[in-house]
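Since we're looking at a predicted model, the values are computed, not measured. To find a chain, count down the sequence lines: A is the first, B the second, and so on, and within it residues start at 1. Because only heavy atoms are used, hydrogens play no part in the values below, and waters and symmetry mates are left out as well, while side chains stay in.
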Amino acid sequence: MSPGAPAYYLTTPIYYVNDSPHIGHAYTSLACDVLARFMRLDGHRVHFLTGTDEHGQKVEKAAAAAGRPPKEFVDEVSQRFRALAQTMGYSNDDFIRTTEPRHIEACQQLWQAIKANGHIYLGKYAGWYSVRDEAFYAEDELKPGPGGQKIAPSGAPAEWVEEPSYFFDLSKWQDKLLRFYDENPDFIAPESRRNEVLSFVKGGLQDLSVSRTSFKWGVPVPDDPAHIMYVWLDALTNYITAAGYPDTASETYRSFWPADLHMVGKDIVRFHAVYWPAFLMAAGVAPPKRVFAHGWWTNEGQKISKSLGNVIDPVALVERYGLDQVRYFLLREVPFGNDGDFSHGAMMRRMNAELANDYGNLVQRVLSMINKNCAARMPTPGAYAPADEGLISASERLLPAMRDAMARQQFHVALERHGEVVGAANRYVDEQAPWGLKKTDPKRMETVLYVLAEIIRRLAVLSQPFMPESSAKILDQLGVASNARDFARAFAEGAGLTPGSALPAPTGVFPRFVDPAA
RNA sequence: GGCGGGGUAGCUCAGCGGUAGAGCAGGGGAAUCAUAAUCCCUUGGUCGGGGGUUCAAAUCCCUCCCCCGCUACCA
């Protein structure tokens, strides 16, 4: 990638090490991975970041329960997320851990910048706390219990506690945030989430407690090590840590910050779209360009929960259906941003109808005709007929169409456009009936098969971000050089397939799923 | 309660002032190169209920009924 190429920085949230990796994690990272691959192929210098959030009381307790020092404990459990990245084929450029020195330094520097600007003050954090739930509750959430006790919604007793805490003066940021949203209408997507954030901020903001003294496992507050930084100030900072902060003069920082996109689940929009830009503005750091909040999955129509025991393990899906098939399904099935339902039936329909029957079979029927009728060599085209031109031009319009969809994170639209060209190509095969031309007009047959091979080349180039392995197999079978698969080269003048070049025997790329139960 | 989104064919959804659309599922046919894949045609809806505006309303207004999200400091 040339040094002058435009930079593109995108992030997943850092995943809490105490969780087991599930489909939610896989989904967020997958969306980023596909976008990262797309942008790389489209000539960008991409920095794709993911990682783990390793601090907090729960981790401290879990480590203690396991009888291990916290650091040793997180070294082990964070490995599960790196393994997931491996299994799912993610192309992240960095994997950040909040326990790394670079991150601790960045957090403390950011804290000092915010404090130096007068936005952090020492106060007292007071509230109704339930030890059993490890959570604070608002007055109106509590019910009166026996003996004047306050009872939390969970049924656990709550007690009034006070502890010294540093506060961030979030209450002063309402107007600035609203102006920021107004000036950056694309900052929060989709629209529905933007509305929610706007109404939340318009409703008024309270100062935010940003330190704790009740546990130790976290980033120490500069000049007051009795406090550790609380939750989001620590976690969110990872995005600038990985860009090189506090070294704002570094090449990395100047290229990649502000980030182009923070991909998040809908449950954590507020932290990313309200607190984070406020923290950064308070420190004099530019806020990110965009936050996209995607939806959640249900399992066969059921809400997913640990207690129901219907958590979806992405690794098991990949073993059952195949990596590219799962990648395709997750991004094709649901308008990105909406909630979606994962079901075996839907998975099977997509992978059989759209991948095996439409796309895979298109490739297979064309390659085997070439193999059998053109002596396993790329056919030589004659002059193009209007039908040929029509199909070629449809494939040329596909890149800009997909680029536009990807810029808006509308993965399903990108795949839909791709599928439309697959459909057009299948219709073209039937209309041209090259098997009939074999006897009547072999020159024409060669032209038709060449046009089809060209269309397949472009389709495979464009499906690489979504289905890297399968697309590579197709491009290999067409004899496309591995350095000719980026968009600029693949769509350049004269980038077409070489007539007469020898081709390997075709092998199927998208197997049909046969249900053993059926 | 407040704010926001939604209720359209069996399913998932698009349409948002001009006499109802797509994909899948269902039915019929063509073709036979191919992973029994492909292609063509087709059944199917009083567009949540009621009222109103308009020459004309899924589409605008009013009202009622349902569903979902947000309504702050576990991540």
Enumerate all atom pairs, one protein N or O and one N or O from nucleotides 27-33 of chain B, separated by less than 3.5 Å.
| residue | atom | partner | partner atom | Å |
| --- | --- | --- | --- | --- |
| B:C33 | O2 | A:Arg365 | NE | 3.1 |
| B:C33 | N3 | A:Arg365 | NE | 3.3 |
| B:C33 | N3 | A:Arg365 | NH2 | 2.5 |
| B:C33 | N4 | A:Arg365 | NH2 | 3.0 |

So which nucleotide from [options] ends up closest to the side chain of [X]?
X        : options             : answer
A:Leu205 : B:A37, B:A72, B:C73 : B:A72
A:Arg349 : B:C39, B:A72, B:C24 : B:C24
A:Asn361 : B:U38, B:C74, B:C73 : B:U38
A:Ser199 : B:U35, B:G69, B:C3  : B:C3

query = Would you say the side chain of A:Asn357 and the base of B:A37 hold a donor-acceptor pair, judged only by whether the two atoms sit under 3.5 Å apart?
reply =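 Counting by modelled atom types and ignoring angles, no donor-acceptor contact under 3.5 Å is found here.
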Report which part of the nucleic acid [X] touches: base, sugar-phosphate, or nothing (heavy-atom distance under 4.0 Å, all strands).
X        : value
A:Asp267 : base
A:Arg512 : base
A:Asn352 : nothing
A:Phe200 : base
A:Gly419 : nothing
A:Phe271 : nothing
A:Gly203 : nothing
A:Val210 : nothing
A:Tyr15  : nothing

Once you round it to whole Å, what is the distance between [atom2] of [N] and [atom1] of [X]?
X        : N     : atom1 : atom2 : value
A:Arg332 : B:A22 : CZ    : C1'   : 11 Å
A:Lys202 : B:C70 : NZ    : C1'   : 14 Å
A:Ile474 : B:U35 : CD1   : P     : 15 Å
A:Ile456 : B:U35 : CD1   : P     : 14 Å
A:Asn195 : B:C70 : CG    : C1'   : 10 Å
A:Leu391 : B:C39 : CG    : P     : 13 Å
A:Arg194 : B:G69 : CZ    : C1'   : 17 Å
A:Arg417 : B:A14 : CZ    : P     : 14 Å

Kindly give the heavy-atom pair with the smallest separation between [X] and [Y], and that separation in Å.
X        : Y        : answer
A:Val17  : A:Phe81  : CA-CE1, 4.1 Å
A:Ala63  : A:Pro70  : CB-CA, 3.7 Å
A:Leu503 : A:Arg377 : CD1-C, 4.1 Å

message = Using only atom types and a distance under 3.5 Å, with no angle test, would you say the side chain of A:Asp324 pairs donor to acceptor with the backbone of A:Glu469?
response =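 Yes; judged by distance alone, with no hydrogens or angles, the pair exists.
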Result block: side-chain N/O donor-acceptor pairs under 3.5 angstrom for residues 360-369 of chain A, not counting sequence neighbours:
| residue | atom | partner | partner atom | Å |
| --- | --- | --- | --- | --- |
| A:Arg365 | NH1 | A:Asn426 | OD1 | 2.9 |
| A:Arg365 | NH2 | A:Asp430 | OD1 | 2.9 |
| A:Ser368 | OG | A:Gln364 | O | 2.5 |

Going by atom type alone, with no hydrogens or angles, which donor-acceptor pairs under 3.5 Å involve a side-chain atom of residues 328-339 of chain A and a protein atom two or more places apart or on another chain?
| residue | atom | partner | partner atom | Å |
| --- | --- | --- | --- | --- |
| A:Tyr328 | OH | A:Glu354 | OE1 | 2.6 |
| A:Glu333 | OE1 | A:Arg350 | NE | 2.6 |
| A:Glu333 | OE1 | A:Arg350 | NH2 | 3.2 |
| A:Asp339 | OD1 | A:Lys266 | NZ | 3.0 |
| A:Asp339 | OD1 | A:Trp296 | N | 2.8 |
| A:Asp339 | OD2 | A:Lys266 | NZ | 2.9 |

Pairwise 5' ranking along RNA chain B for A:Glu354 and A:Arg193, keeping only the more 5' one =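 In this pair, the answer is A:Glu354.
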ask   = Are there more than 12 heavy atoms of other residues, nucleotides or ligands under 6.0 Å from atom NZ of A:Lys172?
value =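 No, because the 6.0 Å sphere around NZ of A:Lys172 holds 12 heavy atoms or fewer from other groups.
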query = Under 6.0 Å from the NZ atom of A:Lys176, do we count more than 12 heavy atoms belonging to anything else shown?
reply =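 Above 12, so yes.
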Quote, to the nearest angstrom, the [atom1] distance that separates [N] from [M].
N     : M     : atom1 : value
B:U8  : B:U46 : C1'   : 12 Å
B:C3  : B:C11 : C1'   : 32 Å
B:C39 : B:U12 : C1'   : 24 Å
B:C16 : B:A57 : C1'   : 10 Å
B:G21 : B:U59 : C1'   : 14 Å
B:U35 : B:C41 : P     : 26 Å
B:G44 : B:A9  : C1'   : 6 Å
B:G26 : B:U32 : C1'   : 25 Å

inquiry  = Give me syn or anti for B:A14, where syn covers glycosidic angles within 90 degrees of 0.
reply    =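 Chi for B:A14 falls in the anti range.
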ask   = How would you list all residue pairs meeting ring-ring contact (aromatic ring centres under 6.0 Å, His included) that involve residues 416-454 of chain A, not counting sequence neighbours?
value =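 ring-ring contact (aromatic ring centres under 6.0 Å, His included) check on residues 416-454 of chain A returns A:Tyr359-A:His418.
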query = Is a side-chain donor-acceptor pair under 3.5 Å present for A:Arg212 with A:Gln57?
reply =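 No, A:Arg212 and A:Gln57 have no side-chain donor paired with an acceptor closer than 3.5 Å.
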inquiry  = I want to know whether A:His272 and A:Phe292 have ring centres closer than 6.0 Å.
reply    =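 For A:His272 and A:Phe292, the ring centres are not under 6.0 Å apart.
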Contact list for residues 446-457 of chain A, test salt bridge (charged side-chain N to carboxylate O under 4.0 Å, His left out), sequence neighbours left out =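 For residues 446-457 of chain A: A:Glu454-A:Arg457, A:Glu454-A:Arg458.
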message = Once pairs are restricted to Watson-Crick or G-U wobble with both distances under 3.5 Å, how does RNA chain B read as a dot-bracket string, [ ] for crossings and | for other-strand pairs?
response = ((((((((.[[[[.)..(..]]]].(((((.......))))).....[[[[[..)....]]]]])))))))....
